[in-house]
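Since we're looking at a predicted model, the values are computed, not measured. Note on naming: letters A, B, ... go to the chains in the order of the sequence lines (proteins, then strands), and numbering restarts at 1 for each one.
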Number of protein chains: 4
Amino acid sequence: MKKNKPKYNQIIEAAVEVIAENGYHASQVSKIAKKAGVADGTIYLYFKNKEDILISVFEEKMGQFINHITEAIQNKNNANEKLYELIQLHFSQLSKDPHLAVVTQLELRQSNPELRLEINNVLKPYLTVIDSIVQEGMKEGIFRNSLNIPLVRQMIFGTLDETVTNWVMKERKYQLIEQAKEVHTLLTEGLTLS
Amino acid sequence: MKKNKPKYNQIIEAAVEVIAENGYHASQVSKIAKKAGVADGTIYLYFKNKEDILISVFEEKMGQFINHITEAIQNKNNANEKLYELIQLHFSQLSKDPHLAVVTQLELRQSNPELRLEINNVLKPYLTVIDSIVQEGMKEGIFRNSLNIPLVRQMIFGTLDETVTNWVMKERKYQLIEQAKEVHTLLTEGLTLS
Amino acid sequence: MKKNKPKYNQIIEAAVEVIAENGYHASQVSKIAKKAGVADGTIYLYFKNKEDILISVFEEKMGQFINHITEAIQNKNNANEKLYELIQLHFSQLSKDPHLAVVTQLELRQSNPELRLEINNVLKPYLTVIDSIVQEGMKEGIFRNSLNIPLVRQMIFGTLDETVTNWVMKERKYQLIEQAKEVHTLLTEGLTLS
Amino acid sequence: MKKNKPKYNQIIEAAVEVIAENGYHASQVSKIAKKAGVADGTIYLYFKNKEDILISVFEEKMGQFINHITEAIQNKNNANEKLYELIQLHFSQLSKDPHLAVVTQLELRQSNPELRLEINNVLKPYLTVIDSIVQEGMKEGIFRNSLNIPLVRQMIFGTLDETVTNWVMKERKYQLIEQAKEVHTLLTEGLTLS
DNA sequence: AATGAATGAGCTTTCATTCAT
DNA sequence: TATGAATGAAAGCTCATTCAT
């Protein structure tokens, strides 16, 4: 298994840094190789091509991201608490790794459509987690029964994603995590005064 | 005024089509010129460089998009109706111009950070429209008084954007506009059963 | 006769200025047209192509240059005085027109070999003047009888040319004309202490 | 050290030939690469850009040229003999390498002002050699004591340069080296019959 | 005679990928 | 495994020249 080889991880970490620092289009393979401390050719012993590095970066990082969230919400008692925990962890994990935040919110979106499909595949488990929370909430009678799950998922993910992107674009000048509570309220209560 | 010159518009229209069909990075200037029926050099009489074409495409198209919405919501009586109208028009306008939808939701996001800043500038008036609807809703007592406007704006825009992107990525196999009602309800009522 | 038309001269004068200011390779036809106050296309009513402008500039300016010298030396009594007058006028005329000096000493040399042949043709009358001075000096018994005329011509022209080029490259920080006497002595007396 | 790498020299030699045959402006990088038997991209492993090839050609070739002359005149007994040796070697070295002669006398002069400055720097040691010969001749009492050294240098270099240029432009139809004696006499004795 | 919008050929340079060592 | 020198395809942009008005 490639993943246990040290160079594989060296290259992944180097790629995140190089892309965050230079942007996607200025991230030449040779730059990543240099930062990783390996020869250009060595990259191709571990990755099929440049795109494969990108996909792998996303798989590795997003895998951890999702695993962390999945585990954490298991301890929560109901859908509401689980949603809140998800929001908090989504924000806190990206807050802690600014390089990764820049890469996921800005640079990775510059890739071509084929790569986008791959990225969506990696994202799928995360979206499934959201779906299951919504479903659970409906079952528990906490959320309205008539919810269109894919639509709700798009609202939740779209809101979180947009919020993080804004924070990255504002150069992280405020505390993202402080917005978790309000975002949760907005999603659950909506705009209307009841 | 350049904008009245027919070639300017020919090139804009050709660019939208070429980018939608081939993707941003496979859209050579020569391809755009050919589709527009002009010489390569002619492009540079109307646009500073390739990036300028992209920016101009977005300015032109988004300008119309925003103007249309701004006018339409003026006739509505309250914030709720205005928000609904905005959602409907956001969806219907992109539904009617699939090329444009592909460009705005996928291809334009592949651009570099400088271009992203430009794009954000163009988007600003739209975000301001959303803000003013929220503010009006609070004043009218329709929306909760304590709303954090930037956050609400991110929820609304994030939700619409994610919904359209999903529709584009699913290759527009369903009617986007049919989701307007539900999206509106989700945004205003939230998830919670009250 | 084209030469009497005002636009012809406007373009010639504009070309000298533009080339002196921007250098040969940054002197686009459109820049010359703009400085001359005519349309790009108008240039081609008076000149066959860009190279023809260059050649004409040289013909016009060098023609005056040579005529002036030819006339002036007629009043001199012997070859020695004629040579001195030639040196003085060569230096003084280029001193008075720094734009022209830059063009003849630096920019015109950047042209291609075909143009160089043309330039040599224009220069021929000047070289002939030098030849005749040398011949006269030999006949008068002032110069040595055994002189190889082409070689002497190359020494005289080469020395003057190199001297002017150095002065231009040193950004004309000293008085070129003050060197006329010494140059004349060097050419006639040589280096040797007799 | 790059200079020992065979490809570096292959490219330099190819550049001299291609420029001599096609002229500076018709010497595409791809043509030089082909003649050198390397890929286009390889050029850029050894040279910063096209201009850098030119500068390097001049540095390499002129360096050898100057070294050769500097060494040879050390064995000569006085300034007069040294000057004669310099003239002979200046002529003979360019005679032996017609490609180089074309490049130095014609093509290199087509370059832009920045490159010209570089060329002047490379030439400086040669001019210094000339200066020191003149100075020595004055000290030895062979040359007149009152000589203006920069001016003498301009006469000597200007004469040699013009002589070589004429020979190149006449397509080398005569033996340049046969003129060395006469040129030396002209420079030392001048025109005047004493 | 004059205009100037339009043309389109032409070239340097980058960089992902390969392969001999 | 690992290296890194070498490859070569690919594309944005300029500008001399033309020609319809």
* Asked: D:Val29 side chain: which of E:dT12, E:dT17, E:dT7 is closest?
  -> E:dT12
* Structure fact -> From NZ of B:Lys48 across to C1' of F:dC13 the rounded distance in Å is 14 Å
* Would you say C:Tyr46 reaches E:dA2's phosphate, i.e. side-chain N/O to OP1/OP2 under 4.0 Å? -> yes
* Asked: On DNA chain E, nearest-nucleotide positions of D:Gly41 versus A:Glu51: which is more 5'?
  -> D:Gly41
* Asked: Under the criterion side chain to side chain contact (heavy atoms under 4.5 Å, CB included), which of B:Glu60, B:Met62, B:Lys61 is the partner of B:Phe58?
  -> B:Met62
* To do: Look at the side chain of C:Thr104 and the backbone N and O of C:Leu100, then say whether any donor-acceptor pair between them is shorter than 3.5 Å.
  => yes
* Structure fact -> Closest to the 5' end of DNA chain F, once C:Ser30 and A:Lys7 are matched to their nearest nucleotides, is A:Lys7
* Do the side-chain N or O atoms of C:Lys5 get closer than 4.0 angstrom to the phosphate oxygens (OP1, OP2) of E:dA1? -> yes
* Asked: Expressed in angstrom and rounded to an integer, what is the separation of A:His25 atom NE2 from E:dA16 atom P?
  -> 10 Å
* Asked: Closer to the 5' end of DNA chain F via nearest nucleotide, is it C:Ala26 or D:Ala39?
  -> D:Ala39
* Rounded to the nearest angstrom, tell me the gap between atom CG in B:Asp52 and atom P in F:dC13. => 10 Å
* Can you tell me the distance, in whole Å, between the OH atom of D:Tyr8 and the C1' atom of F:dA5? => 18 Å
* Asked: How close or far is atom P of E:dA16 from atom CD1 of A:Ile43, stated in whole angstroms?
  -> 10 Å
* To do: Give a yes/no answer on whether the side chain of A:Thr42 brings an N or O atom under 4.0 Å of OP1 or OP2 in F:dT3.
  => yes
* **Out of F:dT3, E:dG8, F:dA16, whichever nucleotide has its closest atom nearest the side chain of C:Lys50** => F:dA16
* Structure fact -> Between CG of D:Asn22 and P of E:dC11 the distance, given in whole Å, is 11 Å
* Measure the shortest side-chain to side-chain distance between D:Thr165 and D:Met169 over non-hydrogen atoms and say whether it is less than 4.5 angstrom. => yes
* **Nearest-neighbour nucleotide for the A:Tyr44 side chain, E:dA5, E:dA16, F:dT14 considered** => E:dA16
* Asked: What is the distance from CG of D:Asn49 to C1' of E:dC11, rounded to the nearest Å?
  -> 14 Å
* Asked: For F:dT7, which nucleotide is its Watson-Crick or G-U wobble mate, given both distances must be under 3.5 Å?
  -> E:dA16
* Quick one: does NZ or CZ of D:Lys50 land under 6.0 Å from the six-membered ring centre of D:Tyr24, within 45 degrees of the ring axis? -> yes
* Distance-only, no hydrogens or angles: does the D:Ser27 side chain make a donor-acceptor pair with backbone N or O of D:Gly23 under 3.5 Å? -> yes
* D:Leu45 has a side chain; which of F:dT7, E:dT17, F:dT17 sits nearest to it? -> F:dT7
* Asked: Expressed in angstrom and rounded to an integer, what is the separation of B:Gln28 atom CD from F:dA9 atom C1'?
  -> 12 Å
